[in-house]
Amino acid sequence: MLAMATLCISSTAFGQANHVNPWVNLNPIIPPAAGIGKGIWLKGDLHVHSRHSKESSNNPISKIVNFCKTVGMDYVCITDHDNHVNGDVAHNTWADPEFKSESTLLLYGAEWTTTRGHGNVFSAVPYDHQRLFDVRDQRDVAVGAVKKQLGIHLSANHPSGKDHFGYSYDMLESIEVWNSVLWSKNAEAIMIWDDMLSSGRKLTGRGGSDAHHGVPDKPELATPNSKQAQANYVGTPTTWVFATARTKQAVVDALTNGQVSISANPYAPRVEFYADLDQDGKTDMMMGDNIKSTGRPVKFRVQLSGNTVADSAYTVKVVKNGSSFGTFKTTGKTPVYEFTDTPDSTGRTYYRVVVEGPGTDYPQVPQAKALNGNMVGLSNPIYFDFDPNF
Ligand SMILES: [Zn+2]
Ligand SMILES: [Zn+2]
């Protein structure tokens, strides 16, 4: 009885009706839309294991690099398990004489493989990975401080299920929303991504094949896992970045900024997503951009570039703030779908798109098309009223 009386008094005393949440910034300062600058689309894979990961097979760095050249990958990040070398990635993967390429930009990185989960680091230059490895079992506040000092891009890997990312998402730049050729296994990763976006975190979604096994050079070198090379290898899926230049730093910057689109394989169409703010027919924003909403309607444009299948129907699913906005059909040689909506005048809004349709052959990974089903690609969000200083 006494406890109940106390409860009644305190809820009145706190006066809920006029409550203002001091944590919510209702008027974040957001720079105006700068327009879409010059850039080039570069494609790559952000999660690949070489022979420096103990459970890999027939996958020396030279095989990965040669494969990248064959299928036209612009960049790749070889992300070996750091715990297999006690954190000393610098004297293993990066020191391998095969770690060089004239055609593909090789990012520096590793899979941060900890008891609390897996994450990938992406960097344009070598960094002291040992420090990130050493701090892995400390509290997030210590981990976050080291990560910040290193100036690296950190990304959650396969964030649901076993080896889920058990750290704070506040220290991340991106999340692996499409791991391996098996798109259907990523539903929970997408759910986590939408929750992080809906809570105000501007977090890039990216892909990664997580390939461990290469095609054996001789039949007698085959292992029980060698058949995986026919189904899941570099490029399943492929992550496209809209980079300001063909440099490693521009690739990492585009990843951080969210100018990123994920396709089923390097030959599959690429989903592009733009917005025209004043409806003058010119696009002012693309994926990853964040502006202040004006209260006026915005025209959005979804287009598929590359090897579309002539006269096929594609399904465009638009997600707004974590919920379905609508499902639409488009056809033609260069399929385009346009829709108009007014972002919320109070609070944040984001839109992202998923495109389904006919699969694309990937001759170097012949079973990929069948396993991938009808998934073609997905965009990153276009953002309104997200606090850049969150
Ligand atoms: Zn992993
Ligand atoms: Zn992995």
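Numbering of ligands and ligand atoms starts at 1, following listing order. By convention here, the first residue in the shown sequence is residue 1.
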Point to revise | Under 2.8 Å: N/O/S of His81 next to the Zn ion (ligand 1) | key: no
Point to revise | Phe165-Tyr169 aromatic ring centre distance below 6.0 Å | key: yes
Point to revise | Centroid-centroid under 6.0 Å between Tyr127 and Trp94 rings | key: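 That pair passes the under 6.0 Å test.
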Review point. In His49, what N, O or S atom is nearest to the Zn ion (ligand 2), if we give its atom name?
Key: NE2
Check your understanding: Can you tell me the N, O or S atom of Asp210 that's nearest the Zn ion (ligand 2)?
Key ->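 Closest to the Zn ion (ligand 2) among those atoms: OD1.
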Exercise for review: Looking only at N, O or S atoms, find the one in His118 nearest to the Zn ion (ligand 1) and name it.
Suggested key: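 So the atom name we want here is ND1.
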Exercise for review: Measure from the Zn ion (ligand 1) to every N/O/S atom of Glu111 and report the name of the nearest one.
Suggested key: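 Going through the N, O and S atoms of Glu111 one by one, OE2 ends up nearest to the Zn ion (ligand 1).
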Check your understanding: Do we get Arg301 above Tyr274's six-membered ring, with its NZ or CZ under 6.0 Å from the centre and within 45° of the axis?
Key ->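 No.
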Review point. Has His158 got an N, O or S atom lying less than 2.8 Å from the Zn ion (ligand 2)?
Key: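 No, since none of the N, O or S atoms of His158 sits under 2.8 Å from the Zn ion (ligand 2).
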**Study point:** Arg51/Asp96 ion pair, N-O < 4.0 Å
**Key:** yes
Point to revise | Step-by-step ring-ring contact (aromatic ring centres under 6.0 Å, His included) determination, His81 to His49 | key: CA-CA 8 Å; His81 292 294; His49 295 269; 4.2 Å; yes
